[in-house]
Amino acid sequence: MGHVTGLYAVMLAVLFLVLSLRVVVYRRGNKISLGDGNDPILQQRVRAQGNFSEYAPFGLVMMLISEAQGTAPIWLHICGTLLVVGRVMHGANFTFGLRQMPLRVGGMVLTFLSLGLGALMALPL
């Protein structure tokens, strides 16, 4: 893996661990082993974790392809920063119960910007 992409992969892995541990701890504390038990807090935490796992890996793949093709590091850092900040904002909205629509929307906007930029950078020219 490239050095720049690897940096953002580490940050995203830590965030994924935080989101995952919040699900596990809540499940154990509320004795919900399968499904969501119709518990709205657990549903939010599971979706935060799920949404993260749906978007973050794809963003990293775009970055890795771009880095392998020799994209300038500054563009990789912009893309990675957008992805990490977007995922933090989105995850904070759901898993910490902040319920701030601007966090959720802003997080997705930054994530989409990162994916779009990553896709443009990964285009073979």
Novice: Hey, does the side chain of Gln49 reach the backbone of Val23 with a donor-acceptor pair shorter than 3.5 angstrom?
Specialist: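 Side chain of Gln49 to backbone of Val23: no pair is present.
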Novice: Please determine whether residues Phe16 and Val85 belong to a single hydrophobic cluster, defined as Ile, Leu, Val, Met, Phe, Trp and Tyr linked transitively by side-chain heavy-atom distances below 4.5 Å.
Specialist: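 In one cluster with Phe16: Val85, yes.
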Novice: Using the test side-chain contact (heavy atoms from CB on, under 4.5 Å), find all partners of Val18 that sit at least two apart in sequence or belong to another chain.
Specialist: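 By the side-chain contact (heavy atoms from CB on, under 4.5 Å) rule, Val18 matches Arg22, Phe96.
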Novice: Looking only at non-hydrogen atoms, find the nearest pair between Gly118 and Ser66 and report the distance.
Specialist: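 Closest heavy-atom pair between Gly118 and Ser66: O-OG, 3.5 Å.
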Novice: Partners of Tyr26 by ring-ring contact (aromatic ring centres under 6.0 Å, His included), sequence neighbours excluded?
Specialist: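 So Tyr26 forms no ring-ring contact (aromatic ring centres under 6.0 Å, His included) with any residue.
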Novice: Does Leu21 share a hydrophobic cluster with Ile41, counting links as ILVMFWY side-chain heavy atoms below 4.5 Å and allowing steps through other members?
Specialist: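 Different clusters: Leu21 never reaches Ile41 through Ile, Leu, Val, Met, Phe, Trp or Tyr contacts under 4.5 Å.
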Novice: Which value, rounded to the nearest 0.5 Å, describes the distance between Leu83 atom CG and Leu115 atom CG?
Specialist: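 Atom-to-atom, Leu83:CG and Leu115:CG are 6.5 Å apart.
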Novice: Does Arg45 have any side chain to side chain donor-acceptor pair (under 3.5 Å) partners at least two apart in sequence or in another chain, and if so, which?
Specialist: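 Side chain to side chain donor-acceptor pair (under 3.5 Å) list for Arg45, sorted by chain: empty.
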Novice: Could you check whether any side-chain heavy atom of Val109 comes within less than 4.5 Å of a side-chain heavy atom of Met89, counting everything from C-beta outward?
Specialist: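 Heavy-atom side-chain distance check fails, nothing below 4.5 Å.
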Novice: Taking only residues two or more places apart in sequence, or in another chain, which ones meet Arg104 in a salt bridge (charged side-chain N to carboxylate O under 4.0 Å, His left out)?
Specialist: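 Scan of Arg104 (salt bridge (charged side-chain N to carboxylate O under 4.0 Å, His left out), adjacent residues dropped) gives none.
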Novice: What are the two closest heavy atoms between Asn38 and Asp36, and how far apart are they?
Specialist: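 Smallest interatomic distance, heavy atoms only, reads N-OD1, 2.8 Å.
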Novice: If you measure from CE on Met63 to CE on Met121, what distance do you get to the nearest 0.5 Å?
Specialist: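 It is 6.5 Å, given to the nearest 0.5 Å.
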Novice: In the hydrophobic clustering that connects Ile, Leu, Val, Met, Phe, Trp and Tyr at side-chain heavy-atom distances below 4.5 Å, which members other than Leu34 occupy its cluster, ordered by chain and number?
Specialist: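 Hydrophobic cluster check, Leu34: no partners found.
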Novice: Please list, chain by chain and in numerical order, all residues satisfying side-chain contact (heavy atoms from CB on, under 4.5 Å) with Val88, sequence neighbours excluded.
Specialist: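 Val88: side-chain contact (heavy atoms from CB on, under 4.5 Å) contacts with Leu15, Val84.
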Novice: Among residues at least two apart in sequence or on other chains, which ones pass side-chain contact (heavy atoms from CB on, under 4.5 Å) with Val61?
Specialist: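 Only Ile65 meet the side-chain contact (heavy atoms from CB on, under 4.5 Å) criterion with Val61.
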Novice: Partners of Ile74 by side-chain contact (heavy atoms from CB on, under 4.5 Å), sequence neighbours excluded?
Specialist: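 With sequence neighbours excluded, Ile74 shows a side-chain contact (heavy atoms from CB on, under 4.5 Å) to Ala72, Ile78, given in chain and number order.
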Novice: Could you pull out all residues at least two apart from Ser53 that satisfy side chain to side chain donor-acceptor pair (under 3.5 Å)?
Specialist: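 With neighbours one apart ignored, the set is empty.
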Novice: After noting the C-alpha distance and the side-chain angles of Leu42 and Asn30, does the key distance pass the side chain to side chain contact (heavy atoms under 4.5 Å, CB included) rule?
Specialist: CA-CA 9 Å; Leu42 182 56; Asn30 292 279; over 6 Å; no
Novice: With side chains defined as the heavy atoms from C-beta onward, is the minimum distance between Cys79 and Met62 less than 4.5 Å?
Specialist: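 They are not in side-chain contact.
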Novice: Which residue pairs satisfy the ring pair (Phe, Tyr, Trp, His ring centres under 6.0 Å) criterion with at least one member in residues 56-89, sequence neighbours excluded?
Specialist: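 Pairs touching residues 56-89 that pass the test: Tyr8-His77.
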Novice: Can you name the closest pair of heavy atoms from Asn93 and Leu103 and give their distance?
Specialist: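 Nearest heavy atoms, Asn93 then Leu103: CB-CB, 4.0 Å.
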Novice: Can you list everything that forms a side chain to side chain donor-acceptor pair (under 3.5 Å) with Gln69? Sequence neighbours excluded, please.
Specialist: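 Expected list: none.
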Novice: May I ask whether Met11 and Tyr55 are part of the same hydrophobic cluster, defined by side-chain heavy atoms of I, L, V, M, F, W, Y residues being less than 4.5 angstrom apart, directly or through others?
Specialist: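 No, separate clusters.
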Novice: Would you indicate whether the side-chain heavy atoms of Phe52 and Leu12 approach each other to under 4.5 Å?
Specialist: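 Counting from C-beta outward, Leu12 and Phe52 do come under 4.5 Å.
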Novice: May I ask whether Leu19 and Leu17 are part of the same hydrophobic cluster, defined by side-chain heavy atoms of I, L, V, M, F, W, Y residues being less than 4.5 angstrom apart, directly or through others?
Specialist: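 Unlinked, Leu19 and Leu17 end up in two clusters.
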Novice: Return the set of residues passing side chain to side chain donor-acceptor pair (under 3.5 Å) with Thr111 (not counting sequence neighbours), or none when no residue passes.
Specialist: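 Only Arg87 meet the side chain to side chain donor-acceptor pair (under 3.5 Å) criterion with Thr111.
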Novice: Under a 4.5 Å cut-off applied to non-hydrogen side-chain atoms, are His90 and Met108 in contact?
Specialist: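 Answer yes - side chains close enough.
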